[in-house]
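Quick notes on the structure that follows.
Keep in mind it's a predicted model, so treat the numbers as computed, not measured. Just the heavy atoms: all of them, side chains too, but no hydrogens, waters or symmetry mates, feed the values below. Below, read A as the first sequence line, B as the second, and so on, with proteins coming before strands; counting in each chain starts at 1.
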Amino acid sequence: MAKHETPLLDQLETGPWPSFVTDIKREAESRAKNEKNVEYQIPQDCCDDLLGVLELSYKHGRTHWKHGGIVGVFGYGGGVIGRYCDQPEMFPGVAHFHTMRVSQPAGKFYTTKYLEEICDLWERRGSGLTNMHGSTGDIIFLGTTTPQLEETFWELGHNLDQDLGGSGSNLRTPSDCVGQARCEWSCYDTQAICHDLTVEYQDELHRPAFPYKFKFKFDGCPNCCVASIARSDLSFVGTWRDDIKIDQEAVKAYVGGEFPSNGGAHAGRDWGPFDIQKEVIDLCPTGCMRYEDGKLEINTPECTRCMHCINVMPRALRPGNDKGCSILAGAKAPILDGAQMGSLIVPFIKVEEPYDEIKETVIEPIWDWWMEEGKNRERLGELMKRQGFQKLLEVTGFKPDPRMVQEPRTNPYIFWKEDEVEGGFDRDINEFRKHHQR
Amino acid sequence: MEYEEAKQKIVEGLTKKLKTKSKFYFNDLAKIIGEKPRVAKKLINQMITEEVLEYWSSGSTSMYGLKGTGKQAHSEHED
């Protein structure tokens, strides 16, 4: 028998999709039975009270959570987000229900043993409810009391070799795609650089001194599986400089229907025979391809590495050999408004350990500028808009490049300065009038 | 700047403003100390370690306050 009546939540379970309400109910039931004899360190009925407060919020049409606070683990300014219920008498099990962010492993590779261990830890010291994973990529532990924060942190660090992630005005937990571990398109080892920068910038991750949040994300290729270009302040997208590698025999095999296009991903329906002209050539955004007399040709200088042709014919086409990444700055995806895509700052850079060039010529100059000039709660992308892309080029020392401009006459952020113009901006009007009438 | 001097400036500066607010952005503290962010960060971190200051976080934004001050410490029964 449920502790609270939840007719509105029950309705959410009637849809065709798996419901988080069902998940919470299942955990509530499991905690009530406690078949594994867990020594619960927070109220056993916290999940019942969580359902109760959520039901009340639906009924009232407003939240009953307060967020933020001075809770945290000693010395860390992030990783814990204070949550308090504003109806503690009615729902004592969730009076304090703090969130903990746990740094996810690069590429989100787990062993089942590790997953069991973190779940057991959270069952005992928290609500047992997790988000796998939050938007930034962390493992999210949902709901515990203040005294359990240090205990959980100690166990994570000492028994599971695990650290808290970032929150607040910190570097957020860097996140990456599976990379070269499982994907042959990955143009650099995303996991290696993600791990290296996480270790290198521990201080920025745990001790907040930025104007606001800052995110790194690493995509191995322009398919952008972690959407770094849309939601990270500094986005690393794998790319290559030379020609796409073409296996003409395999192209013919696709045309002849021997290989299914898109690796068979759309095989659930009969789309008719594969039409290379319609499905590849005509969809190339720069029109840099042609297929004539059974031969596929790509004009590399025109190619923007959109990945479409490679995605459709993975056996026939592969990224080139001269691989590295492009770096884009200033993306953000806030919930309310102001979403912005990243702007290209470094067209191509090699991604090689120990990544000194990336750290010293890109990351650190950008941080120095943003830390000094950024207003409180201003993301890098907003500072770039306020002071101009030209300023970003100045602080990083990168030269303006046509690839930073979407098309001529747009993004007009590259201006001449007086000392760059011969004779400056002043002119001799009399000399001018000799040649030009009024 | 010496740590003790910075600490004195911060405690004085924040105590003076306590009537109107108890939580401050990092930039406010850097301004009080009068150092660039990277230098200020080292000093402020030491003040956190010595429990002169404490962090406050909304989840998305972090702020700093003198330890034990402000409404929340009382209202959340954590002082």
Side-chain angles (χ1 to χ4, degrees), chain A residues 65-86 88 95-96 98-101 134-136 140 145-147 149 166-170 172 203-204 206-213 334-336 364 367-379, chain B residues 1 3 6-7 9-10 13-14 17-18 20-79:
Chain A
W65 292 109
K66 301 182 282 180
H67 77 128
I70 49 179
V71 291
V73 296
F74 186 68
Y76 274 33
V80 176
I81 300 128
R83 309 269 185 221
Y84 300 91
C85 176
D86 70 5
H96 294 193
H98 311 314
T99 296
M100 294 186 87
R101 286 194 186 155
S135 305
T136 299
I140 308 283
T145 56
T146 309
L149 296 171
S167 69
S169 305
N170 272 317
R172 301 304 182 82
D203 197 55
E204 283 73 11
H206 298 308
R207 282 167 269 281
F210 287 148
Y212 203 17
K213 61 180 85 164
I335 297 166
L336 290 179
E364 287 161 22
W367 277 351
D368 284 340
W369 173 53
W370 180 54
M371 284 173 81
E372 277 190 38
E373 299 287 331
K375 293 181 179 176
N376 295 328
R377 294 173 63 87
E378 183 174 56
R379 293 283 289 270
Chain B
M1 182 179 285
Y3 172 66
K7 187 166 108 181
K9 278 190 175 177
I10 288 287
L14 267 50
K17 290 181 186 163
L18 259 186
T20 48
K21 58 177 177 178
S22 61
K23 301 287 174 281
F24 301 83
Y25 286 108
F26 176 81
N27 277 345
D28 302 334
L29 304 192
K31 246 180 246 161
I32 292 175
I33 297 176
E35 291 280 2
K36 294 218 164 194
R38 286 202 182 268
V39 180
K41 183 176 180 179
K42 287 205 175 97
L43 298 165
I44 291 166
N45 279 345
Q46 201 175 334
M47 291 178 218
I48 290 279
T49 315
E50 291 187 4
E51 301 191 47
V52 177
L53 295 177
E54 67 187 359
Y55 293 119
W56 184 94
S57 169
S58 69
S60 70
T61 313
S62 305
M63 299 181 93
Y64 294 75
L66 288 170
K67 193 172 169 67
T69 58
K71 213 160 102 187
Q72 182 161 0
H74 301 283
S75 66
E76 313 295 358
H77 314 290
E78 281 167 5
D79 51 345

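- We find the CZ-CG distance between B:Arg38 and A:Asp203 to be 9.0 Å, quoted to the nearest 0.5 Å.
- The two residues B:Pro37 and A:Glu372 have their closest heavy-atom pair at CD-CG, 3.6 Å.
- B:Ser57 and A:Gly168 get closest at one heavy-atom pair: OG-CA, 4.2 Å.
- For A:Phe74, the part sitting under 4.5 Å from any heavy atom of chain B is the side chain, from C-beta outward, and nothing else.
- Shown here are the side-chain contact (heavy atoms from CB on, under 4.5 Å) partners of B:Asn27, two or more places apart in sequence or in another chain: A:Asn376.
- For chain B, the option among A:Lys375, A:Arg101, A:Arg172 with the highest count of heavy-atom pairs below 4.5 Å is A:Arg172.
- Nearest heavy-atom pair, B:Ser60 versus A:Arg377, reported as atom, atom and distance to 0.1 Å: OG-NH1, 3.9 Å.
- Among the candidates A:Gly79, A:Gly72, A:Gly77, the residue making the largest number of heavy-atom pairs closer than 4.5 Å to chain B is A:Gly77.
- With contacts defined as side-chain heavy-atom distances shorter than 4.5 Å, the pair A:Arg207/B:Ile48 does not qualify.
- Residue B:Lys41 comes nearest to A:Ala209 through the heavy atom pair CD-CB, 3.5 Å, listed as atom of the first residue, atom of the second, then distance.
- With a 4.5 Å cut-off on side-chain heavy atoms, B:Tyr64 and A:Pro208 count as touching.
- Side-chain atoms of B:Ser58 never come within 3.5 Å of backbone atoms of A:Gly68 as a donor-acceptor pair (strictly under, hydrogens ignored).
- At a 4.5 Å heavy-atom cutoff, the contact between B:Phe26 and chain A is made by side-chain atoms alone.
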